[in-house]
Asker: 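The structure follows.
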Amino acid sequence: MTPVDIPVETRMADARSGASSRATTSAASGKSVPAMELRAVKRSFSEGENELQILNDVNFAIHPGEMVALVAPSGTGKSTLLHIAGLLEHPDEGEVLIGGVNCADLGDDARTRIRRSDVGFVYQFHHLLPEFTALENVMVPQMINGLGRKDAAARAQQLLDYMRMGNRSSHRPSELSGGEQQRVAVARAVANAPRLLLLDEPTGNLDPTTANYVFDALQALVRASGVATLFATHNMELAGRMDRCITLSGGKVLPVEL
Ligand SMILES: Nc1ncnc2c1ncn2[C@@H]1O[C@H](COP(=O)(O)OP(=O)(O)OP(=O)(O)O)[C@@H](O)[C@H]1O
């Protein structure tokens, strides 16, 4: 059974019982396999004649079911880190492992396949398809991954229910508030039951009450599904509600005590 075929209820029951359709522990060591791991990752950009070393030997792993906050000043490399972790960009040096698979030597097609099935993204702006309803927006990635229309619609409705948007499934994005649009965007990002959910300031455009409401729904979904979540935010209150917090300083990932 492929991950996309698993009804959300089943995956949620699996997550609660510690079982999974995918390997989450190493057969050899019995240890939990990180959902995503960065090993000795470096990335620099040139600025005129200068070289900006944005990531400088980043080593970091995130495990299934963990919610990690990434809090760092603007321009320190949060988006760059998320893009590399989600296989949207290549590091200059180092390795990215998704579910124990080393993606460093994979070709573009294999990286795209892993990104589509194992990684979900949510951005500050929702990027929902304006001509489609909320339900259809959550169906699209599943159908691209080969799921039939009926099954995709059933799973989309379940995910919208989890995000407390079940009663708005027939609405188009323009008919929804910013917080509602972001809740649909989260449902879409987890539509293919990814191992890893990457969020780049998804509540940055929302007022604090709405941000908390979106976060509550997201947290319930993360807890139920066991997806590993890396959440870049400037909102310290939300960061304090996650399992741990990291920052970027001098190109390195460091833990932060909140
Ligand atoms: N493609 C690129 N070419 C050149 N410089 C880049 C590129 N992408 C990012 N940078 C630079 O790298 C640095 C880190 O950018 P990044 O977007 O990762 O920071 P950030 O921490 O996410 O910032 P913010 O909180 O403002 O979104 C910035 O100085 C940015 O200008």
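In this chain, numbering begins with 1 at the start of the sequence shown. In this text, all values refer to a predicted model and were calculated from it rather than measured experimentally. Atoms within each ligand, like the ligands themselves, are counted from 1 in listed order.
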Asker: Can you tell me if H234 has a non-hydrogen atom under 4.0 Å from ligand 1?
Answerer: yes
Asker: How close does the nearest protein non-hydrogen atom get to atom 26 (O) of ligand 1, and which residue and atom is it?
Answerer: S74 OG, 2.4 Å
Asker: Under a 3.5 Å threshold, yes or no: a donor from one side chain and an acceptor from the other, between D207 and T210?
Answerer: yes
Asker: Hey, is the main chain of E201 close enough, under 3.5 Å, to the side chain of T233 for a donor-acceptor pair?
Answerer: no
Asker: Which bit of P73 is near ligand 1, meaning a heavy atom under 4.0 Å away: side chain, backbone, both or neither?
Answerer: backbone
Asker: I want to know if ligand 1 touches G77 in the polar sense, i.e. an N/O pair below 3.5 angstrom.
Answerer: yes
Asker: Using a distance threshold of 4.0 Å (strictly less than), state whether atom 1 (N) of ligand 1 has a protein heavy-atom neighbour.
Answerer: yes
Asker: Would D216 and R183 pass as an ion pair if we require N to O under 4.0 Å?
Answerer: no
Asker: What I'd like to find out is whether the side chain of L206 reaches to under 4.5 Å of the side chain of Y213, using heavy atoms alone.
Answerer: no
Asker: With the threshold set at 4.0 Å, does a side-chain nitrogen-carboxylate oxygen contact exist between R43 and E89?
Answerer: yes
Asker: With a 4.0 Å heavy-atom cut-off (strictly under), which part of I54 contacts ligand 1: side chain, backbone, both or neither?
Answerer: side chain
Asker: Provide the number and element of each atom of ligand 1 under 4.0 Å from a heavy atom of K78.
Answerer: 18 (O), 19 (O), 20 (P), 21 (O), 22 (O), 23 (O), 24 (P), 25 (O)
Asker: Taking the basic N atoms (NZ, or NE/NH1/NH2) and the acidic carboxylate oxygens, is any pair closer than 4.0 Å for R195 and D118?
Answerer: yes
Asker: Which atoms of ligand 1 have any heavy atom of T76 under 4.0 Å away?
Answerer: 19 (O), 21 (O)
Asker: What do you think, any protein heavy atom under 4.0 angstrom from atom 30 (C) of ligand 1?
Answerer: no
Asker: Is there side-chain contact between M36 and L97, with heavy atoms separated by less than 4.5 Å?
Answerer: no
Asker: Are more than 12 heavy atoms from other residues, nucleotides or ligands located less than 6.0 Å from atom CD of E47?
Answerer: no
Asker: At what distance is the nearest protein heavy atom to atom 17 (O) of ligand 1, and which residue and atom is it?
Answerer: S79 CB, 3.6 Å
Asker: Considering only the protein, which heavy-atom contact is closest to atom 23 (O) of ligand 1, and what is its distance?
Answerer: G75 N, 2.9 Å
Asker: Would you call E47 a ligand 1 contact, heavy-atom distance under 4.0 Å?
Answerer: no
Asker: Would you please say whether a donor-acceptor pair under 3.5 Å links the side chains of N192 and S117?
Answerer: no
Asker: Would you say ligand 1 has an N or O under 3.5 Å from any N or O of T80?
Answerer: yes
Asker: Which residue holds the protein heavy atom closest to atom 11 (C) of ligand 1, what is that atom called, and what is the gap in Å?
Answerer: F45 CD1, 3.8 Å
